[in-house]
Undergrad: 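I'd like to ask you about the structure that follows.
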Amino acid sequence: MEKKAELHYEGKVFEIPVVTGTEQENALDISKLREQSGLITLDRGFKNTGSCKSAITFLNGEEGILRYRGYSIEELAEKSSFLEVSFLLIYGELPTQEELAKYTNDIDIHTLVHEDVKSILDGYPSKAHPMGVLSSLVSALTAFYPKSIDPNRSQEQINGTIIRFLAKLPTLAAWSFKNRVRQPIVYPQNGLSYTENFLHMMFSLPTNNDKVNPVVSNALDKLLILHADHEQNCSASTVRIVGSSHASLYASVSAGIAALWGPLHGGANQAVIEMLEEIKADGGDVSKYIAKAKDKSDSFRLMGFGHRVYKNFDPRATIIKKAADDVLKELGVSDPVLDIAMELEKVALNDEYFKTRGLYPNVDFYSGIIYRALGIPTDMFTVMFAIGRLPGWIAQWKEMRESGEPIGRPRQVYTGATERAYINMENR
Ligand code: CMC
């Protein structure tokens, strides 16, 4: 039976249909609300607003469940490769052996970027943050592939854009790093795995063809899987809303990269390490920083703690914490900030302030520690997140286009001045 809710307002009753998802989550469908009642809803930060129906990722924050297309994140992180997971997210099913071989090969042969990208890179100062560079280089891809600007092309042509994008993002990311350290760029090498190729472009010099350490590439592959999608978060919503104006895939994702950069979202991984370093330099007094985080007159927040949706634990953080232990052990790295991180976690988890607000370590609390152990510089951490999140952004953009979503255009409750007469300059 169709479920309905009732809204009683100013002596009238309005029926509101209830939509139920496959995991039995219910939502009020208010798409006719204003038409019927003259009311809109107000929900700052969209804390209670579903912006779309989506079949990509399921997340239950209370129980700490995360699934891509029905498969648990724990199983995917253990058994899949990042490319398999990207295929799953974008096309809806795990690839067969033949499909994966073709997909891998298609990506492999598109990893090179146009030589003119180098002259764009040359224009950036070396201090340029790699996230800003990456976002603009992704937008610049529209200049090299002008036909991709039209999102109404055939499925085959859109697919070409998707493959090109997956193939080229690691190249652009590694080159933005090379620009940062003023080293010559390294060209992609076909035949390496997705993560090996990225690490090769990051750390090999044109003159030394060092082999990529498999411990490092496996750990990185797992991290990319954990970051691959997270339903309607800030950057995915950005991608969908930008794309809803029929902006191209490259333009929409470029905006998503900018959204990810902020320290409350993906930029938290860089902010966590900077915070841990600050605590270390300040004598390692964890309780001082816990007190700062609880002090409402202090803007300091414990970076890597809390999540809009997870109020119990972040399943990605559980996997990452274990991976961090393994990687540090296998690489024989001892990182003093890890001790501070563990101390901070222990104190916060037993503190009433954090317990009552459901604040737990999130995915970014430990990811920076692994990235450091893998030799990735701090300001590249959020770029790593972006590489991992690309399949999710693509899947969200594709689903939004294929389901013919209307342009995203929220309303507001206006609180400014009511109509008033213009004041001439001499009277101001
Ligand atoms: N440290 C101290 N207090 C916090 C923190 C924190 N990290 N996070 C939330 N709070 C407090 C907040 O002050 C508020 O307290 P009160 O109820 O007394 O006003 C309460 O907890 C609820 O916080 P909120 O800001 O209303 O929650 P939100 O859902 O709007 O924000 C968040 C979620 C992730 C932005 C926030 O927890 C935060 O700023 N965390 C630190 C940044 C971070 O680690 N971000 C990465 C998120 S995971 C990666 C990703 O997927 O993006």
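Index from 1, following the sequence. Note that ligands are numbered from 1 as they come in the structure, with each ligand's atoms numbered from 1 the same way.
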Undergrad: Please write down residue, atom name and distance for the protein heavy atom closest to atom 50 (C) of ligand 1.
TA: H265 ND1, 3.5 Å

Undergrad: Is there at least one protein heavy-atom neighbour under 4.0 Å from atom 22 (C) of ligand 1?
TA: no

Undergrad: Tell me whether ligand 1 is touched by G45 - counting only heavy atoms on the residue side and a distance under 4.0 Å.
TA: no

Undergrad: Considering heavy atoms of the protein only, find what lies nearest to atom 1 (N) of ligand 1 and give residue, atom and distance to 0.1 Å.
TA: L302 N, 3.1 Å

Undergrad: Any nitrogen or oxygen of L264, main chain or side chain, under 3.5 Å from a nitrogen or oxygen of ligand 1?
TA: yes

Undergrad: Roughly how far, to the nearest 0.5 Å, is OH of Y187 from CH2 of W175?
TA: 5.0 Å

Undergrad: Report the C-alpha separation of D314 and I320 in whole Å, then their side-chain angles, then the decisive distance to 0.1 Å, and conclude whether the side chain to side chain contact (heavy atoms under 4.5 Å, CB included) test is met.
TA: CA-CA 10 Å; D314 179 342; I320 264 188; over 6 Å; no

Undergrad: What atoms in ligand 1 come closer than 4.0 Å to a heavy atom of G304?
TA: 43 (C), 44 (O)

Undergrad: Quick one: look up the protein heavy atom nearest atom 24 (P) of ligand 1 and list residue, atom name and how far away it is.
TA: R301 NH2, 4.2 Å

Undergrad: Which residue supplies the protein heavy atom nearest to atom 49 (C) of ligand 1, what is that atom called, and how far is it?
TA: D364 OD2, 3.3 Å

Undergrad: Measure the distance from atom 42 (C) of ligand 1 to every protein heavy atom, then report the residue, atom name and distance (to 0.1 Å) of the closest one.
TA: M303 CE, 3.5 Å

Undergrad: Out of H230, H307, R44, K292, who is nearest to atom 48 (S) of ligand 1 when you count heavy atoms only?
TA: H307

Undergrad: Rounded at 0.5 Å granularity, tell me how far CD1 in I290 sits from CZ in F354.
TA: 4.5 Å

Undergrad: Side chain of K4, backbone of V18: donor and acceptor closer than 3.5 Å?
TA: no

Undergrad: I'd like to know if Y353 contacts ligand 1, where contact means a heavy-atom distance under 4.0 Å to any ligand atom.
TA: yes

Undergrad: Given A268, G267, A259, which has its nearest heavy atom closest to atom 43 (C) of ligand 1?
TA: A268

Undergrad: Go through the side-chain N and O atoms of Y194 and S86 and say whether any donor and acceptor fall under 3.5 Å apart.
TA: no

Undergrad: Looking at A293, which atoms of ligand 1 are within less than 4.0 Å of one of its heavy atoms?
TA: 2 (C)

Undergrad: Surrounding CD of E2 (heavy atoms of other residues, nucleotides or ligands, distance under 6.0 Å), is the total greater than 12?
TA: no

Undergrad: Quick test: of every protein heavy atom, which one is nearest to atom 28 (P) of ligand 1, and how far off is it to 0.1 Å?
TA: R308 NE, 3.6 Å

Undergrad: With respect to Q396, which candidate in E231, R240, R401, R389 satisfies the side chain to side chain donor-acceptor pair (under 3.5 Å) definition?
TA: R240

Undergrad: Which bit of K294 gets closer than 4.0 Å to ligand 1, counting heavy atoms only: side chain, backbone, both or neither?
TA: neither

Undergrad: Give me the residue, atom name and distance of the protein heavy atom closest to atom 17 (O) of ligand 1.
TA: R357 NE, 3.7 Å

Undergrad: Could you see which bit of L359 sits under 4.0 Å from ligand 1, with heavy atoms only: side chain, backbone, both or neither?
TA: side chain

Undergrad: Looking at Y71, is R69 sitting on its ring face, NZ or CZ under 6.0 Å from the six-membered ring centre and within 45 degrees of the normal?
TA: no

Undergrad: Check the angle between the aromatic planes of Y250 and F165 and answer parallel, tilted or perpendicular using the 30° and 60° thresholds.
TA: perpendicular

Undergrad: Could you walk me through whether V117 and F144 satisfy the side chain to side chain contact (heavy atoms under 4.5 Å, CB included) test, starting with their C-alpha distance in whole Å, then the side-chain angles of each, then the deciding distance to 0.1 Å, before giving a yes or no?
TA: CA-CA 9 Å; V117 168; F144 297 100; 3.7 Å; yes

Undergrad: Among all protein non-hydrogen atoms, which one is nearest to atom 14 (C) of ligand 1, and what is the separation to 0.1 Å?
TA: K296 NZ, 4.0 Å

Undergrad: Before we go on, tell me: are the rings of Y310 and H230 under 6.0 Å apart, centre to centre?
TA: yes

Undergrad: Is there a heavy atom of K47 sitting under 4.0 angstrom from any atom of ligand 1?
TA: yes

